[in-house]
Engineer: 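Mind looking over this structure? Questions follow.
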Amino acid sequence: MAALRVWLLAWMLAGALGAASGATSAMAADPIMPASGSFGIASPAGEPCPLTSPEHTARLVAPDLPGQAGLAGLGEQAGRGDAFALAHVGAPLAVVVALEGPPLPSGVFPVVNIDRAAGPDGGRVSATTGYPDSEVRFSAPGRYELDLTVTLVARSSCGGAKARTVLERRVVIRVQP
């Protein structure tokens, strides 16, 4: 607790000294309380950076996976085969995610990634990702597992970036001919 107080005092003094000299904060990232000025996101002093605050979460809207509502971690039910979406070879499967929380600050963008975790031999997955809508196509029939990740990325005007994952989920797809 004492170390946190010392760090917080040093953090506040560094911000005050930087503001007095017209310089921006160049403090290294800290998992407890990152410097809010290093991302180009307007945030009052003393408040956590909007990127690292727990206010923003994401959820899978489509495809609808019965029995997987509220699944937060990768693979918790994905390997059991009891909840899956159906798709057809070559046909697009819509993947839709939604952010929950206050509007994103300027300079913060959601990024969606979809990766093949498992599938039949020779089966390929092609994904065109975007927020909120993405599209996935499959080259062969079978059972696929996809890892879906939604990340908030903040870019500063000087080329720096910071990211926070708001959704990680394994999705099971049964692809028919």
Engineer: To the nearest 0.5 angstrom, please state how far the CG atom of Leu146 sits from the CG atom of Asn113.
Structural biologist: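 The CG atom of Leu146 sits 12.5 Å away from the CG atom of Asn113.
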
Engineer: Report yes if some heavy atom in the side chain of Arg143 is under 4.5 Å from a heavy atom in the side chain of Val172; otherwise report no.
Structural biologist: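 A side-chain contact exists here, since the closest heavy-atom pair is under 4.5 Å.
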
Engineer: Between His88 and Val175, which heavy-atom pair has the shortest distance, and what is it?
Structural biologist: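 Of all heavy-atom pairs spanning His88 and Val175, the closest is C-CG1, 3.8 Å.
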
Engineer: Of all heavy-atom pairs between Ala163 and Val153, which one has the smallest distance, and what is that distance?
Structural biologist: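 Looks like CB-CG2, 4.2 Å.
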
Engineer: Could you pull out the closest heavy-atom pair between Pro92 and Arg137, with the gap in Å?
Structural biologist: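 So the minimum-distance heavy-atom pair works out to CD-NH1, 3.5 Å.
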
Engineer: Search all heavy atoms of Pro177 against all heavy atoms of Val89 and return the closest pair with its distance.
Structural biologist: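 Pro177 and Val89 have their closest heavy atoms at CA-CG2, 4.0 Å.
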
Engineer: Determine yes or no for a side-chain-to-main-chain donor-acceptor pair under 3.5 angstrom, with Arg59 supplying the side chain and Ala98 the backbone.
Structural biologist: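 A pair under 3.5 Å: no.
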
Engineer: Please report the closest heavy-atom contact between Leu93 and Leu86, naming both atoms and the distance.
Structural biologist: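 Result for this residue pair: CD1-O, 3.9 Å.
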
Engineer: Got a second to check how far Phe84's CZ is from Ile173's CD1, nearest 0.5 Å?
Structural biologist: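 Interatomic distance, Phe84 CZ to Ile173 CD1, rounded to 0.5 Å: 10.0 Å.
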
Engineer: With Gln176, which residues qualify under side chain to side chain donor-acceptor pair (under 3.5 Å), at least two apart?
Structural biologist: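 Result, side chain to side chain donor-acceptor pair (under 3.5 Å) vs Gln176: none returned.
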
Engineer: Only distances under 3.5 Å count here; give the side-chain donor-acceptor pairs of residues 117-134 to other protein atoms, sequence neighbours excluded, each with its distance to 0.1 Å.
Structural biologist:
{"from": "Thr129", "atom 1": "OG1", "to": "Val112", "atom 2": "O", "distance (Å)": "3.3"}
{"from": "Tyr131", "atom 1": "OH", "to": "Leu99", "atom 2": "N", "distance (Å)": "3.1"}
{"from": "Ser134", "atom 1": "OG", "to": "Gly130", "atom 2": "N", "distance (Å)": "3.1"}
{"from": "Ser134", "atom 1": "OG", "to": "Gly130", "atom 2": "O", "distance (Å)": "3.1"}

Engineer: Distance from Glu168 atom CD to Thr151 atom OG1, nearest 0.5 Å?
Structural biologist: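 Between atom CD of Glu168 and atom OG1 of Thr151 there are 7.5 Å.
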
Engineer: Measuring from Leu104:CG to Glu55:CD, what's the distance to the nearest 0.5 Å?
Structural biologist: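 Spacing of CG (Leu104) from CD (Glu55) equals 10.5 Å.
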
Engineer: Look up atom CD1 in Ile114 and atom CG in Asp147, then write down how far apart they are to the nearest 0.5 Å.
Structural biologist: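 Reported to 0.5 Å precision, the distance equals 10.5 Å.
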
Engineer: Taking all heavy atoms of His56 and all of Pro103, pick out the closest pair and write down the distance.
Structural biologist: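 Taking every non-hydrogen atom into account, NE2-O, 4.0 Å.
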
Engineer: When rounded to the nearest 0.5 angstrom, what is the spacing between CD in Glu145 and CG in Asp115?
Structural biologist: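 Going from the CD atom of Glu145 to the CG atom of Asp115 covers 13.0 Å.
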
